[in-house]
Amino acid sequence: MVELIRSPLLSALDGVQHGFFTREGGVSGGVYSSLNVGRGSGDDRAAVEENRARAAAAFDLPRHALSNAYQVHSADVITTRSSVVAPLPADGVVTRNPEVLCGALAADCAPVLIADPEARVVAAIHSGWRGALAGVVRNGVAAMCAEGGDPGRMVAAVGPCIGPASYEVGLEFLQAFTDIDAANARFFAPGVAAEKRLFNLPGFVLAQLAAAGVHTAEWVGCDTYPDETRFFSNRRAVHRGERDYGRLLSAIRLRP
C-alpha cells in the first residue's frame, strides 16, 4: 500500500486533496524499490507506469490524470486544463481542472504544493536550488494569480527534501546565492570544514513563498537523505556510487 505524508495546513482546506508519497507501496526493484514514478529513470517502464497508476488511484483518478512536467531545473511553469500527455520542459504545473492531478517529482529537491481553495486553482512545483534561485516558486504563484488566485489566500507546503543538516555545499555555492542577495547568507550554516557550508533548502523555499506573498506555508519536516526506508535521494545515491535512483511523487488536485 502506498504511503502518503500530509501537510496539516493543506489538509485543513476544503475542496483540495494532496499528498507527498514515500517510496513505499510500488512494484519496482533494486535501487528503484519500490514506488518509483520517474519515467526519466532507468527503471523498467512497465513498473514505472504501474507505480504511477497506483499513485493516481490514491486520488481516485486514472493514471493518465497524473501530470508532471519534464523537469529541467528551470523557473518555467505551465498551466494546463487537461492532463499533459507529452510533458513539456518545465518545473511546475498549475490547473483549475479537478480531473488533473498536478505532480512534482523529486529525490532531494523540494516539492512545493500550493492551493487557493477560493479561486479553485492548485500547483505542484519542483524546486531544486537552481530553480529556486531562478524564481520557479515566484513564477508558480504568478501563474496561479493569472488563473484568479490570490497569494493572500494561498496555502503551501514544502514536501520531503534534503534537510539543512544534510546539504553540505562549497563556498562557490554560497556565493551564487549571496551575489543575488546578501541576505541569502542566512540560509547557510558552517559545515564540518572551513570551506564547507550547510544549506537550508526548505527554509529558502519558504522564504521564496513569503516573498511572493504566500505567508501560510510550512515544511513537512522530512529529510530525504538519511531516511533510506522512506525516501529516494540523489545525493545518497551519488555518495554510494549507485548507478541511478528513484523519484518520489508529490501531488495535488481539486476535489470535484
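No experiment lies behind these values; they were computed from the predicted model shown. We count residues from 1, following the sequence as given. Values reported hereafter were calculated over all heavy atoms of this structure, with side chains retained and with hydrogens, waters and symmetry mates removed.
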Would the distance check show the side chain of [X] and the main-chain N or O of [Y] forming a donor-acceptor pair, the cut-off being under 3.5 Å?
X	Y	answer
R45	G42	no
N36	R247	yes
R240	A237	no
R253	P98	yes
S250	F20	no
T95	T80	yes
N139	D76	no
R52	V37	yes
R54	E49	no
R130	A75	no

ask   = Which residues pass the salt bridge (charged side-chain N to carboxylate O under 4.0 Å, His left out) test with E99, sequence neighbours left out?
value = none
task = In sequence, state the C-alpha distance, the side-chain angles, and the governing distance for H126 and V136, and then conclude on side-chain contact (heavy atoms from CB on, under 4.5 Å).
result = CA-CA 8 Å; H126 163 258; V136 68; over 6 Å; no
Roughly how far, to the nearest 0.5 Å, is [atom2] of [Y] from [atom1] of [X]?
X	Y	atom1	atom2	result
I78	S67	CD1	OG	7.5 Å
Y245	D43	OH	CG	13.0 Å
M144	I125	CE	CD1	8.0 Å
S74	D91	OG	CG	3.5 Å
N51	L35	CG	CG	4.5 Å
L249	R23	CG	CZ	15.0 Å

Pair [X] + [Y], salt bridge at N-O below 4.0 Å:
X	Y	answer
R81	E147	yes
E242	R236	no
R230	E3	yes
R153	D116	yes

Regarding [X] and [Y], do their side chains bring together a donor and an acceptor under 3.5 Å, going by distance alone?
X	Y	result
D108	N234	no
S166	D223	yes
T178	N184	no
S7	E218	yes

List the atom of [X], the atom of [Y], and the distance in Å for their closest heavy-atom pair.
X	Y	value
L113	A124	CD2-CB, 3.7 Å
L206	A217	CD2-CB, 3.8 Å
L198	A165	CD2-O, 4.0 Å
A58	L4	CB-CD1, 4.3 Å
A115	L10	CB-CD2, 4.2 Å
V141	P151	CG1-CG, 3.9 Å

Give the cluster check for [X] versus [Y]: same hydrophobic cluster or not, with ILVMFWY residues linked at side-chain heavy-atom distances below 4.5 Å.
X	Y	answer
V238	L201	no
V214	W219	yes
Y32	V2	no
M154	V94	yes
L105	V27	no

query = Step by step, would you call R197 with E168 a side-chain contact (heavy atoms from CB on, under 4.5 Å)?
reply = CA-CA 6 Å; R197 296 291 185 272; E168 190 172 62; over 6 Å; no
inquiry  = Tell me whether the rings of F204 and F177 are parallel (<30°), tilted (30 to 60°) or perpendicular (>60°).
reply    = perpendicular
Parallel, tilted or perpendicular, as decided by the 30° and 60° cut-offs, for the rings of F59 and F21 = tilted
remark   = Checking L66, L254, V93 against L101 for side chain to side chain contact (heavy atoms under 4.5 Å, CB included), the one that qualifies is L66
message = Connecting only ILVMFWY residues whose side-chain heavy atoms lie within less than 4.5 Å of each other, what is the rest of V192's hydrophobic cluster?
response = none
Would you mind reporting whether [Y] and [X] have side-chain heavy atoms less than 4.5 Å apart?
X	Y	value
S127	V205	yes
S28	S33	no
I114	V122	no
F173	Y167	yes
V158	V220	no

ask   = Do the ring centers of Y225 and H239 come within less than 6.0 Å of each other?
value = yes
message = Show, in sequence, the C-alpha distance, side-chain angles and deciding distance for I5 and C222, and conclude whether the side-chain contact (heavy atoms from CB on, under 4.5 Å) test is met.
response = CA-CA 9 Å; I5 296 168; C222 299; 3.9 Å; yes
inquiry  = Are there over 12 heavy-atom neighbours, none belonging to D179, within less than 6.0 Å of that residue's CG?
reply    = yes
inquiry  = Using side-chain contact (heavy atoms from CB on, under 4.5 Å), reason through V169 and K196 one step at a time and then give a plain yes or no.
reply    = CA-CA 6 Å; V169 299; K196 296 294 184 180; over 6 Å; no
